[in-house]
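Atom set for the values below is all heavy atoms of this structure, side chains included, hydrogens, waters and symmetry mates excluded. Every number for a ligand or one of its atoms is a count from 1 in the order of the listing.
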Amino acid sequence: MGPFLALVALIVSVFCSSVNAIPTITAVGSKFFTSEGNQFFIKGVAYQLVEDDPLVNTTQCNLDAALMKQLGANSIRVYHVDPDADHSGCMNAFASNNIYIWVDMDSFKTYIQQAGIPSWTQNKSDSYRAVMDNFQQYDNTAGFFVGNEVLNSNADSGAAPYLLSAAVDLKNYREAKGYRKIPIGYSATDTAVLRPNLQDYVVCRPNVTERLEFYALNSYEWCGSSPNFNTSGYVGLQASAENYPVPIFFSEDGCNTVPPRTFNDQAAIFGPDMVDTWSGAIIYEWIQETNNYGLVTYGPPGGQDQGSVVVDGFTRQGTPTPVQPDFSNLASQWSTLNPTGIKSAAYTPSTTAPLCPSSTAGEWTIDPSSPLPTLGAVGVTPVYPSSTSGGHASETSGGAASATSSGAASRTASGPPLLDGGQFVSTVVALMAVCAGFVFWL
Ligand SMILES: *[C@@H]1O[C@H](CO)[C@@H](O)[C@H](O)[C@H]1NC(C)=O
Ligand SMILES: *[C@@H]1O[C@H](CO)[C@@H](O)[C@H](O)[C@H]1NC(C)=O
Ligand SMILES: *[C@@H]1O[C@H](CO)[C@@H](O)[C@H](O)[C@H]1NC(C)=O
Ligand SMILES: *[C@@H]1O[C@H](CO)[C@@H](O)[C@H](O)[C@H]1NC(C)=O
């Protein structure tokens with residue numbers, strides 16, 4: 001090749017490699033499918049090394065993605081991102097290891113319920129839309145959460161319609177912008193008294209636009225290696241999820257109260273008792289922190305001289321080292337669990353929506369026939385006797401949000417991509433044509 005051809009080759013390869021090609025994920029009926037027509041089961045880890053955005057350091061993402069591939073993971077969940085940052089390096093790092101991203105759209109200032117009062121406002125909408133704008137461009141963005149553990153007890157039930165208002169707003173925005181139909185769902189607290197009503201409510205309304213596109217549960221019910229499907233509580237989770245009309249999965253999983261963690265529950269989730277109903281699990285969490293859920297460390301606790309990358313005594317960047325035997329235990333569970341499910345071509349959704357739970361004073365207080373709150377509507381704080389809270393709440397409420405990464409706040413972010421939906425599509429088509437032509441020409 002002469003210098004001119006080499007230059008052309010270089011330019012084209014730079015463009016071609018910037019298209020992060022991986023099959024995309026959609027929700028159809030109660031299952032996820034890849035654009036190649038295969039059912040998709042999540043084997044994920046929660047990934048939030050630093051509080052504000054763990055997807056901006058490409059070197060770090062490459063280090064972590066490579067080890068996640070060894071673990072057998074195909075997904076990460078990220079709780080907070082900066083919608084103004086450039087995520088292309090990290091998204092490509094994960095895509096090239098066949099890892100998808102499940103993104104929480106809220107920020108610390110835009111939770112649907114704040115100080116006990118739910119609302120869906122223009123301000124919140126703008127902020128969630130910005131996250132969607134940023135992440136929709138990546139083929140390995142698998143799904144968006146409108147909230148994490150917004151409701152934790154029956155006293156919070158008034159917040160449930162706001163989850164749907166948010167979902168309607170963001171679905172409408174997604175359609176209006178011509179974005180790919182990236183599924184929009186919610187990540188729930190595993191609160192025994194609340195779970196069945198909320199789980200049904202978010203998919204029960206007659207107008208399908210007013211339903212979530214997936215539902216997920218943060219559950220820490222299976223601790224140690226002695227429980228089985230029947231004694232762990234999973235038999236109950238399965239009973240209430242059977243025939244659920246949209247995909248359902250564990251958005252946090254991996255009880256640590258009986259060490260070492262053996263992750264035996266994975267065999268139930270991906271086995272005959274549950275695999276026809278559930279779409280997998282995201283293990284909490286990648287980085288070792290005070291809560292002791294980590295699968296890797298970046299150095300011994302209390303690392304002294306690393307400045308802003310040490311938060312709460314834990315180093316938050318560098319080469320990840322597996323926490324053993326937990327890491328290997330999870331890897332060996334996942335390596336033997338490879339359900340294929342059903343092909344999309346052979347699948348016809350057959351489930352119907354559950355009935356909306358009826359309103360009961362002091363418990364589930366939502367009138368199922370009420371219209372959803374409109375943009376800007378604000379709820380009221382209900383008054384309850386204190387005995388109504390209870391049940392098994394997630395031990396990691398707020399999850400990675402507990403990290404206080406002051407150093408990370410000073411990171412500079414570059415601007416968001418300035419293409420709108422239509423331009424983006426035509427640009428991608430043009431680039432793909434260039435790539436295809438170039439390959440053909442070679
Ligand atoms: C939205 O609210 C947050 C938190 O109160 C605030 O920091 C931000 O400036 C607001 N944004 C707009 C566009 O009003
Ligand atoms: C369904 O719900 C959406 C969002 O609330 C609304 O815009 C639409 O008009 C509804 N469709 C019908 C047929 O009621
Ligand atoms: C759970 O209970 C059912 C019904 O009693 C039984 O058929 C099944 O074998 C049990 N499963 C396990 C893992 O013990
Ligand atoms: C990015 O991560 C690498 C690997 O941990 C680290 O060496 C580097 O300092 C980080 N860069 C920034 C800007 O934090």
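Stacking of Arg77 on the aromatic ring of Phe145 is recorded, both the 6.0 Å distance cut-off and the 45° axial limit being met.
Where the criterion is an N or O separation shorter than 3.5 Å, residue side chain and backbone included, Thr59 fails it with respect to ligand 4. On a distance-only criterion, Asn230 and ligand 3 share at least one N/O pair closer than 3.5 Å. Here's the thing with Leu63: none of its N/O atoms is less than 3.5 angstrom from an N/O atom of ligand 4.
At distances below 3.5 Å, not a single donor-acceptor pair connects side-chain atoms of Gln39 with backbone N or O atoms of Lys31.
Note on ring orientation: taking the six-membered ring where Trp is involved, the planes of Phe270 and Phe41 are perpendicular (angle over 60°, cut-offs 30° and 60°). The aromatic rings of Trp102 and Phe40 lie parallel to each other, their planes meeting at an angle below 30°, with 60° marking the opposite boundary.
In this structure, atom 2 (O) of ligand 3 is in close contact with the protein, since a protein heavy atom lies within 4.0 Å of it. Note that atom 9 (O) of ligand 2 has no protein non-hydrogen atoms nearby, at separations under 4.0 angstrom. Note that atom 14 (O) of ligand 3 has protein non-hydrogen atoms nearby, at separations under 4.0 angstrom.
Proximity to Asn228 (heavy-atom distance under 4.0 Å) selects the following atoms of ligand 3: 14 (O). Shown in contact with Gly318 at under 4.0 Å from a heavy atom are these atoms of ligand 4, numbered in order with element: 5 (O). Of all atoms in ligand 4, numbered sequentially from 1 with element shown, those under 4.0 Å from a heavy atom of Gln60 are 2 (O), 4 (C), 5 (O).
Using a 4.5 Å heavy-atom cutoff, the side chains of Leu49 and Asn57 are not in contact. Annotation: side chain of Leu198 is in contact with side chain of Tyr186 (closest heavy-atom distance under 4.5 Å).
Assignment of Val168 to the shell around ligand 2 is supported, since a heavy atom sits closer than 4.0 Å.
Note on Arg316 versus Glu289: salt bridge recorded, some NZ/NE/NH1/NH2 to OD/OE distance being below 4.0 Å.
What sits closest to atom 5 (O) of ligand 2 on the protein, heavy atoms only, is Glu210 OE2, 2.8 Å. Among protein heavy atoms, atom 11 (N) of ligand 2 sits closest to Asn207 ND2, 2.9 Å.
Asn148 and Tyr79 are not linked by any side-chain donor-acceptor pair at a separation below 3.5 angstrom, with hydrogens and angles left out of the test.
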